[in-house]
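First comes the structure, then the notes that go with it.
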Amino acid sequence: MNVKTLRIVGVLEGISFLLLLGVAMPMKYIWDNPVAVKYVGMGHGVLFLLFLALLLIVCHRMKWSLTIFVMGLVAAILPFAPFLFDSKLKRLEQSTNEPQTVVDDVPLES
């Protein structure tokens with residue numbers, strides 16, 4: 001598992017949460033049609049658990065701090081927060097992918 005996979009699942013989890021809150025829940029409580037909550041809710045639940053599992057795995061492999069994990073956990077619970085957390089993950093991903101230039105065994109800053 002890598003950061004890119006985590007970011008994709010995070011965005012999908014965020015979209016599913018917004019669909020649950022913005023489409024399925026109003027269908028249930030305004031129009032008395034609970035069918036969408038059943039399916040969208042199940043999809044969101046699976047994506048939520050997958051996101052947390054991937055977050056744990058990636059944090060461990062990348063040796064990220066507990067703070068990053070907690071930020072991801074909170075982001076998965078709040079609407080729109082997964083998209084903000086994705087920008088944080090993108091910055092972390094870019095910082096780990098920057099090539100290091102070495103001259104005489106001394107790393108130079110890029």
Side chains of Thr5 and Asn2: does their closest heavy-atom pair fall under 4.5 Å?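 When only atoms from C-beta onward are counted, Asn2 and Thr5 do touch, with a gap below 4.5 Å.
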Side chains of Val40 and Val23 in contact at under 4.5 Å (non-hydrogen atoms):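 No. Closest side-chain heavy atoms not under 4.5 Å.
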Drop me the distance from [X]'s [atom1] to [Y]'s [atom2], to the nearest 0.5 angstrom.
X: Leu47; Y: Leu20; atom1: CG; atom2: CG; answer: 11.5 Å
X: His44; Y: Leu12; atom1: NE2; atom2: CG; answer: 12.0 Å
X: Phe69; Y: Leu52; atom1: CZ; atom2: CG; answer: 6.0 Å
X: Leu55; Y: Glu13; atom1: CG; atom2: CD; answer: 10.5 Å
X: Leu6; Y: Leu50; atom1: CG; atom2: CG; answer: 9.0 Å
X: Leu78; Y: Leu73; atom1: CG; atom2: CG; answer: 9.5 Å

Check [X] against [Y] and note the closest heavy-atom contact, atom names and distance.
X: Gly72; Y: Phe51; value: O-CE2, 3.5 Å
X: Phe17; Y: Ile77; value: CE2-O, 3.4 Å
X: Ala75; Y: Pro82; value: O-CD, 3.1 Å
X: Leu21; Y: Pro26; value: O-CD, 3.3 Å
X: Phe83; Y: Val11; value: CE2-O, 4.0 Å

According to the salt bridge (charged side-chain N to carboxylate O under 4.0 Å, His left out) rule, which pairs have a member within residues 78-90, sequence neighbours left out?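 Listed once each, the pairs are Arg7-Asp86.
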Any chance you could lay out the side chain to side chain contact (heavy atoms under 4.5 Å, CB included) test for Leu92 and Val3, step after step, and finish with the verdict? CA-CA 9 Å; Leu92 286 169; Val3 180; 5.9 Å; no
Met62 atom CE, over 12 foreign heavy atoms within 6.0 Å: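 Counting neighbours around CE of Met62, more than 12 heavy atoms of other residues, nucleotides or ligands fall under 6.0 Å, so yes.
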Given the rule that I, L, V, M, F, W and Y join up when any side-chain heavy atoms are under 4.5 Å apart, are [X] and [Y] in one cluster?
X: Ile57; Y: Val9; result: yes
X: Met27; Y: Leu19; result: yes
X: Leu54; Y: Leu56; result: yes
X: Ile30; Y: Tyr39; result: no
X: Met71; Y: Phe80; result: no

Mind running side chain to side chain contact (heavy atoms under 4.5 Å, CB included) on Ile68 and Phe85 for me, showing each step along the way? CA-CA 9 Å; Ile68 301 296; Phe85 186 65; 4.2 Å; yes
